[in-house]
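Note that these values count all heavy atoms, side chains included, but never hydrogens, waters or copies made by symmetry. We're numbering straight along the sequence, starting at 1.
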Amino acid sequence: MTPQPSPTEHEPSAPQPTAPQPNAPQPAPHQPLSIAYSPCPNDTFVFHAWAHGRVPGAPAIDVTFADIDITNGMAERGERDLLKVSYAVLPWILRDYTLVPCGGALGRGCGPLVLTKEPGRAKDLAGKTVAVPSDRSTAYLLFRLWAAGEVPGGVGRVIVLPFDQIMPAVRDGRVDAGLVIHEARFTYQNYGLHRLADMGEHWELTTGLPIPLGAIVAKRSLGAERLRAVAEAIRTSVRAAWDDPAASRDYVLEHAQEMDPAVADQHIGLYVNEFTADLGEDGYAAVRGLLTRAAAEGLVPPLGHDALEFV
């Protein structure tokens, strides 16, 4: 496992498209594929079997654990063969990477939350400072689409913090509000915080679609045969996790660090679902809907009509 440095607080900046790298060296068939995903329970649960050589015939993988803000940047720089990234970053990376139709995070009732220290309403965020987990994240994209209609005049300063630092920052008054993801949905009350808005709830009410959050992408240069092997390995790893949840328990809790086991179970139950095994028609509709709407608002570049197609 390759360690990854922790991200630091920074102001959001617009991601820049990166040039394709068709001649970039690729791992030989016998070499492990490099993959980066988060230490969150849903990712470690999904990839446990594959990471531990329990998927017969699957290529070996070399795992790096990294926060979503880090993996989004890795994808823009083409630094791994496989990555868990935000759906919001796809328009900038799909020349070099393809969306893998499994292993990601979509669902219902699982959207990012806007939290504040005191109860309030959306209009109270006008001109205020908001912490977000990544300026390239789906959470932030959903927040921008929501705030455009709900926060007159818009928010003030937006800063990026690692997701596990956002709730303490709100509690301690360093920011006025925080956009949170992952297990914060289950633990924000422990910090004495209040839910001001649910981005997923807003998305579902306005579109009727599931909430697209995190995607698995793979380098196109791996070739069709290896890409199909990647998708099959992920599906098999997911099924193995469902068939024997206890097998991944130590791996999940080791990387979840201080997380209560019950919270880890809730996390997995919410974010690992039928869309993790296969995006399906509704999953693809959700992804296209999000990125099409965001492009219409000028928040992301438009996608080509076949940009989301897998091999």
Short side-chain to backbone donor-acceptor contact, Thr206 and His202, under 3.5 Å | yes

Applying side chain to side chain contact (heavy atoms under 4.5 Å, CB included), run through Arg185 and Val180 and close with a yes or a no.
-> CA-CA 7 Å; Arg185 167 173 285 274; Val180 299; over 6 Å; no

Quick one: do Phe45 and Phe163 end up in the same hydrophobic cluster if we chain Ile, Leu, Val, Met, Phe, Trp and Tyr together by side-chain heavy atoms under 4.5 Å apart?
-> no

Step through the shown structure and confirm whether more than 12 heavy atoms of other residues, nucleotides or ligands are within 6.0 Å of CG on Asp243.
-> yes

With no hydrogens and no angle check, is any side-chain donor or acceptor of Ser86 less than 3.5 Å from a backbone partner on Ala88?
-> no

Flag, side chain of Asn72 to backbone of Asp69, donor-acceptor distance under 3.5 Å | no

Taking 4.0 angstrom as the limit, do Arg157 and Asp176 come out as a salt bridge?
-> no

Asn273 (side chain) donor-acceptor with Leu106 (main chain) under 3.5 angstrom = yes

Give me the ring orientation class for Tyr251 and His52: parallel if the planes are under 30° apart, tilted from 30 to 60°, perpendicular past 60°.
-> perpendicular

Mark yes or no for whether Thr98, through its side chain, and Arg220, through its backbone, hold a donor-acceptor pair below 3.5 Å.
-> no

Decide salt bridge (charged side-chain N to carboxylate O under 4.0 Å, His left out) for Lys219 and Asp96; before the verdict, give the C-alpha distance in whole Å, the side-chain angles of both, and the deciding distance to 0.1 Å.
-> CA-CA 6 Å; Lys219 281 191 173 178; Asp96 296 320; over 6 Å; no

Under 3.5 Å, is there a donor-acceptor pair between the side chain of Arg80 and the main chain of Val63?
-> no

From Ile211 CD1 over to Glu201 CD, what is the distance, rounded to the nearest 0.5 angstrom?
-> 9.5 Å

Can you name the nearest heavy-atom pair linking Val170 to Leu115, along with the distance?
-> CG1-O, 4.0 Å

Can you name the closest pair of heavy atoms from Ala197 and Trp146 and give their distance?
-> CB-CZ2, 3.5 Å

Any chance you could lay out the salt bridge (charged side-chain N to carboxylate O under 4.0 Å, His left out) test for Glu232 and Arg239, step after step, and finish with the verdict?
-> CA-CA 11 Å; Glu232 183 57 31; Arg239 289 193 293 267; 3.3 Å; yes

Please assess Arg54 against Asp244 for the test salt bridge (charged side-chain N to carboxylate O under 4.0 Å, His left out), listing each intermediate value before the final yes or no.
-> CA-CA 12 Å; Arg54 299 181 181 180; Asp244 186 8; over 6 Å; no

With salt bridge (charged side-chain N to carboxylate O under 4.0 Å, His left out) as the test, would you mind laying out the steps for Glu150 and Lys123 before giving the verdict?
-> CA-CA 7 Å; Glu150 300 293 329; Lys123 67 178 185 179; over 6 Å; no

Look at the side-chain heavy atoms of Ile, Leu, Val, Met, Phe, Trp and Tyr, link any pair under 4.5 Å apart, and say whether Ile234 and Ile61 land in one connected group.
-> yes

Do Ser34 and Asp81 get their side chains close enough for a donor-acceptor pair, meaning under 3.5 Å?
-> yes

Would you kindly check if the NZ (Lys) or CZ (Arg) of Arg136 is within the cone defined by 45 degrees around the ring axis of Tyr140 and under 6.0 Å from the six-membered ring centre?
-> no

Kindly work out whether a path of hydrophobic side-chain contacts (I/L/V/M/F/W/Y, heavy atoms less than 4.5 Å apart) joins Met74 to Ile68.
-> no

CD (Glu225) with more than 12 external heavy atoms under 6.0 Å = no

